[in-house]
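These notes concern the structure reproduced below.
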2 protein chains.
Amino acid sequence: MAETRKSAKAPGVDGQDEANRRQALIRASARLFREKGFEATTVRDIAGAVGMRSGSPFYHFSNKQEILKAVMEEGLRQGLDRTEEALRAATTPQQRFHAMVRTHYGILHDEGSEFIAVLLYDWRSLPDEHKQDIIAVKDRYDLLWQASLKEMLDLGLIGANSQGGKASADEVKTARLMIMGAINFTVTWYKQRSGRGAMDLEALADRTVRFFMRGSA
Amino acid sequence: MAETRKSAKAPGVDGQDEANRRQALIRASARLFREKGFEATTVRDIAGAVGMRSGSPFYHFSNKQEILKAVMEEGLRQGLDRTEEALRAATTPQQRFHAMVRTHYGILHDEGSEFIAVLLYDWRSLPDEHKQDIIAVKDRYDLLWQASLKEMLDLGLIGANSQGGKASADEVKTARLMIMGAINFTVTWYKQRSGRGAMDLEALADRTVRFFMRGSA
DNA sequence: CCTACCGATCGGTAGG
DNA sequence: CCTACCGATCGGTAGG
């Protein structure tokens, strides 16, 4: 009788195993996509990286594009979590700004954190019908940035007007595009040093904050 | 007797025709690479775009990667030309900085000027043995930026220290990476409006300069 | 999740 | 630069 069910095991355990394999595929794909790009990565590469045969990833994803979407979603989920966590420890506008910058560098460059770099690099490989879903989540992340940059602009700590005063929505958006652009573009040139790399990201974050902030240390 | 030669036509004319076809391939490839990426563009796409059959591009290039390299080289050649030309008309540090920013936006976004965007987007598709050749030319372009940014930093017109004074090599490099990063990242989000788009690039350049410059207009 | 496979497509070549 | 082609590889599927 039990054999007529999908599985004799407890459903929770099976679901866990399946979710684990799916996660392994997402992580391996992120690493491969980051290294050689979505188009240049084959399903066989992905399968091989987690010890599967070439057809098996399609048990977890209906096609290659779905894997790309899952990688991007995972990146945004982790990114939002890490950012909200980092913001909890910051109490001043300057601290919040530094936390945003430092955390974003981690999201982009930490080992095992290739998801957002893939989002930036391989955006055009994502089918149009998936783009809106990703944008909706990304918007939430951008709002965290806007909040931080707005208070910095109002105080005259970044941007052209060192007197501060209420920054317009346009000024906030420009600040976000310029600052996030500068940080995001590091995916094209920043390489983690061997050994402990966290130190270097720290230095990069400090230099970035120092460059954008008025008369900072 | 003449038929034993490669061609009965004057060699100059033949060389011109061949160079023209080669240029057409480079331009069409740039547009296609920019649109869907190097890996997702097929040799058949490229051939079709200039009215050739699938095997014919290989009369001009020994393989697909050589086309990518040629696209990047063309971009740097044009970019250097345009930048030097723009700098000739500028006399103050502020004018030179604005000219660098404005020209770079044109290089990235003008119609028919997709070469540098391809360089940025598809860098990892370029075989390692070609990278150094491209970097060597790119270094010359970066030096123009460094010169402009150094004088701006020395005057305290950009960067953290509004007092100015001799900027260190590290400060100059950081400024270049941040500012060029911000501008280069526009390839991922900036879309030319319909109709005359030059106006919009002008506005984007103005906003960029205003954001990075101390208390500017 | 594997075995075995398929149709389509790809970069590239030979020989004019 | 075309015709005609090839070997390799790719994403994906059927049927366990």
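Here is how names work: the chains are called A, B, and so on, in the same order as the sequence lines, proteins then strands, and each is numbered from 1.
The nearest heavy atom of DNA chain D to A:Gly55 and to A:Thr42 marks one nucleotide each, and the one closer to the 5' end goes with A:Thr42. A residue-by-residue look at A:Arg44 and A:His60 shows that A:His60 has its nearest nucleotide of DNA chain C further toward the 5' end.
Listed for the B:Asp81 side chain is no donor-acceptor partner under 3.5 Å among the backbone atoms of B:Gln78. Checking side-chain atoms of B:Ser148 against main-chain N and O of B:Trp145 turns up no donor-acceptor pair under 3.5 Å. Between the side chain of A:Ser113 and the backbone N or O of A:His109 there is no donor-acceptor pair closer than 3.5 Å.
Within residues 63-71 of chain B, no residue is approached by DNA chain D to less than 4.0 Å at the level of any non-hydrogen atom.
Atom pair A:Arg53:CZ and C:dC1:P shows a separation of 13 Å (rounding to whole Å applied). In this structure, the CD atom of B:Glu39 is 18 Å from the P atom of C:dT9, given to the nearest Å. D:dT3 atom P lies 13 Å from atom CE of B:Met52, rounded to whole Å. One can place CG of B:Leu32 at 13 Å from P of C:dC10, the figure rounded to the nearest angstrom. If you measure from atom CZ of A:Phe58 to atom C1' of C:dC6, you get 14 Å, rounded to the nearest angstrom.
Heavy atoms of A:Arg21 sit under 4.0 angstrom from primed sugar atoms or phosphate atoms, though from no base atom.
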**Item:** Candidate pair A:Arg34 and A:Asp122, rule salt bridge (charged side-chain N to carboxylate O under 4.0 Å, His left out), full reasoning
**Value:** CA-CA 9 Å; A:Arg34 166 80 228 240; A:Asp122 284 323; over 6 Å; no
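For C:dG15, the paired nucleotide is D:dC2, the pair qualifying as Watson-Crick or G-U wobble because both relevant distances are below 3.5 Å. With a cut-off of 3.5 Å on both Watson-Crick or G-U wobble distances, the partner of D:dG7 is given as C:dC10.
The aromatic rings of A:Phe212 and B:Phe211 are tilted relative to each other, their planes meeting at an angle between 30° and 60°.
With hydrogens and angles left out, the side-chain atoms of A:Tyr105 and A:Thr208 include a donor and acceptor closer than 3.5 Å.
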